[in-house]
2 protein chains.
Amino acid sequence: MTHKFKTLDRAPVYVKVCNAIEEDILSGVLKEGALLPTEAELCVQFGVTRSSVREGIRLLQQSGLVERGAAKRLVVKSPKASEIAETASRSMALGGATFGEVFETLAMLYPEAARIAAGRLSDDALGALCDVRDGLRDAAPDAADEIVGYAVEFFQQLANGLDNRVMLAMLQSLNLMIGASLRLVIDQTPNAHERILGAQTEIIEALKNRDEAQARAWMMKHIEDLRRGYVVAKVNLDARIL
Amino acid sequence: MTHKFKTLDRAPVYVKVCNAIEEDILSGVLKEGALLPTEAELCVQFGVTRSSVREGIRLLQQSGLVERGAAKRLVVKSPKASEIAETASRSMALGGATFGEVFETLAMLYPEAARIAAGRLSDDALGALCDVRDGLRDAAPDAADEIVGYAVEFFQQLANGLDNRVMLAMLQSLNLMIGASLRLVIDQTPNAHERILGAQTEIIEALKNRDEAQARAWMMKHIEDLRRGYVVAKVNLDARIL
DNA sequence: CACAAATGTATTGTCCGACAATCCTAATAT
DNA sequence: ATATTAGGATTGTCGGACAATACATTTGTG
């Protein structure tokens, strides 16, 4: 039998440059914070021209594995949950996700998140939630922007306290997607300030008591309240987010 | 008072190129499937050199907004849930997410997903689940790879049936992250075939009956079963995925 | 006429060289 | 010792060049 050759790798050079660097990062040869060689250096190492190296770098850059640090040198960076959330929510927006889809997912995730939080939240995390609640309490009842900020921040701090980066990334991406629309809702909901404050207080109480069922139940009520707001504000749930 | 100037936009040209194209895609001027001008054309339109245009394109490319289609021309593409899931799971792996975090999130999401599915799954989606179950039933009890494939596919089809792209993206990214480790677990679990088959059958039954509580409960049992597998297989839950 | 082969053309991929802008480092002056 | 200045290193941008490839058109052949 005649010898069989493997199919040749005909990917463009800039893709190979990207992959080569990415591989060394993934395999741990290049640890977080490590400085990459200069472009000129990469040219001689890979044996290609600077144009190709630069195009390869752009590919890496967008995936968040690398960024320009001090001295403009490229620094290896491991993606943080917040960044993952950002690109994910961004992609979903571009992919045509609707308010309805986002809100439904929110309604599915956060009650469970509250339940888990009840069994795990540290005192620090609880304190952060109380701070948010206190901030909201002291806000003017008609300062819609401020109220929205505190409402989202409450979700944010709850997610933070779960001590699980995967959950955090998912919850954060929901926060980002829902943020804009909450503004509309709270703007047109009577007593929004009072109702959100009440919900936050009850949720905190349940979390303090390590009462998983209560935490979940109050979070559901909180979200159900927001849902009613969507109806009142006549937000079109089939409209694309962002 | 003297006039105040806005801070100048000092971003590199290639970034501006990327943003300019992205903006037109986002605003709908460039719809999905539309062909972008050639590089030479972009050069004259933006008034920059091809090097800069090409670097800008690389940035866009990695974010999945654009890809090389027929005739090598750049085509506008809106990100699909599966692609979002892929980049998200990839980023999480690079970000150092652990098996424990992924599994915990899985255990949080899928029971709720099953609950929602019970109230909504179409006959087609149910049929797809049955197909998976039947495939698993006919598989050899010691064909670990095949069993893993069907176990993941079951999750996959359930997520598909939810008819919610945001949920789908999140569940899919979990599937991708958990896939590799399930292989280890199922390999070392006695009666894995039988137990998974049983769980799938019960879940399908509950879905058919539109029984949300049952669907959720059986999914929880199913996942709890998998969790025991992790213990038996002595998988280190603090190890990074991938 | 239909279909295959050859040709031409447009576009991308890669290379080279050059220079301005920026930042870091180190020598110098006060 | 601190501030300033000069120098060097590195990135950002430019311009042009050519090979490789894919597409469109023409040409050749049955």
Side-chain angles (χ1 to χ4, degrees), chain A residues 5-25 29-77, chain B residues 5-25 29-77:
Chain A
F5 294 98
K6 285 188 293 186
T7 59
L8 294 176
D9 178 9
R10 285 161 50 89
V13 174
Y14 58 84
V15 173
K16 291 183 187 171
V17 168
C18 172
N19 290 339
I21 301 177
E22 182 176 296
E23 198 172 315
D24 272 5
I25 295 177
V29 177
L30 287 168
K31 300 183 199 310
E32 173 159 18
L35 269 78
L36 265 67
T38 64
E39 293 179 356
E41 185 65 23
L42 290 172
C43 291
V44 308
Q45 289 188 23
F46 287 123
V48 299
T49 51
R50 204 151 76 94
S51 313
S52 302
V53 166
R54 285 175 64 84
E55 290 188 36
I57 290 175
R58 299 298 161 250
L59 288 177
L60 263 181
Q61 208 166 306
Q62 195 68 355
S63 65
L65 269 179
V66 107
E67 73 179 355
R68 292 245 175 254
K72 295 268 189 178
R73 292 282 293 276
L74 285 173
V75 182
V76 177
K77 194 188 61 162
Chain B
F5 294 98
K6 283 188 294 187
T7 59
L8 295 176
D9 178 10
R10 286 162 50 90
V13 174
Y14 58 85
V15 173
K16 291 183 187 170
V17 168
C18 172
N19 290 339
I21 301 177
E22 183 177 296
E23 198 172 313
D24 272 5
I25 295 178
V29 177
L30 287 167
K31 300 180 199 312
E32 173 160 19
L35 270 75
L36 266 66
T38 64
E39 294 178 356
E41 184 66 23
L42 290 172
C43 291
V44 308
Q45 289 189 23
F46 287 123
V48 300
T49 52
R50 204 151 75 92
S51 314
S52 303
V53 166
R54 284 176 65 84
E55 289 187 37
I57 290 175
R58 298 299 159 249
L59 287 177
L60 262 181
Q61 206 166 307
Q62 196 67 355
S63 64
L65 270 178
V66 105
E67 73 179 354
R68 292 247 174 251
K72 295 264 188 177
R73 293 282 293 275
L74 284 173
V75 180
V76 176
K77 196 187 60 164

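Sequence lines set the chain letters: A, B, ... in the order given, protein chains first and strands last, and positions in each chain run from 1. Source: prediction; values computed, not measured.
The phosphate of dG12(D) has OP1 or OP2 within less than 4.0 Å of a side-chain N or O from R58(A).
Residue L74(B) holds its CG atom at 11.0 Å from CG of L30(B), rounded to the nearest 0.5 Å. Of the inter-residue distances, the one linking L59(A) atom CG with E55(B) atom CD reads 10.5 Å to the nearest 0.5 angstrom. Considering CD1 of I57(B) and CG of L60(B), their distance stands at 7.5 Å, rounded to 0.5 Å.
Partners of Q61(A) under the side chain to side chain donor-acceptor pair (under 3.5 Å) rule, at least two apart in sequence or in another chain, are R58(A).
Here dT12(C) presents its P atom at 7 Å from CG of L74(B), a figure rounded to the nearest Å. Rounded to whole Å, atom P of dC24(C) lies 13 Å from atom CZ of R68(A). As a whole-Å value, the separation of L35(B) CG from dA10(C) C1' is 14 Å. Distance L36(B) CG to dA10(C) P: 20 Å, rounded to the nearest Å. In this structure, CZ of R73(A) is placed 12 Å from C1' of dC23(C), rounded to the nearest angstrom. If you measure from atom CD of E39(A) to atom C1' of dC16(C), you get 15 Å, rounded to the nearest angstrom. Taking atom CZ of R10(A) as the reference point, atom P of dT14(C) lies 11 Å away to the nearest angstrom. The NZ atom of K16(A) sits 12 Å away from the C1' atom of dG13(C) (whole-angstrom rounding).
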Polar atom pairs between nucleotides 13-15 of chain D and protein, under 3.5 Å, N or O only, would you list them?
{"unit_1": "dT13(D)", "atom_1": "OP1", "unit_2": "V13(B)", "atom_2": "N", "d": "2.4"}
{"unit_1": "dT13(D)", "atom_1": "OP2", "unit_2": "V13(B)", "atom_2": "N", "d": "3.2"}
{"unit_1": "dT13(D)", "atom_1": "O4", "unit_2": "R50(A)", "atom_2": "NH2", "d": "3.2"}
{"unit_1": "dC14(D)", "atom_1": "OP2", "unit_2": "T49(B)", "atom_2": "N", "d": "3.2"}
{"unit_1": "dC14(D)", "atom_1": "OP2", "unit_2": "T49(B)", "atom_2": "OG1", "d": "3.1"}
{"unit_1": "dC14(D)", "atom_1": "OP2", "unit_2": "S52(B)", "atom_2": "OG", "d": "3.0"}

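For E39(A) and R54(A), the salt-bridge test passes: some basic side-chain N is under 4.0 Å from an acidic carboxylate O.
No more than 12 heavy atoms of other residues, nucleotides or ligands shown are found within 6.0 angstrom of CD on E23(A).
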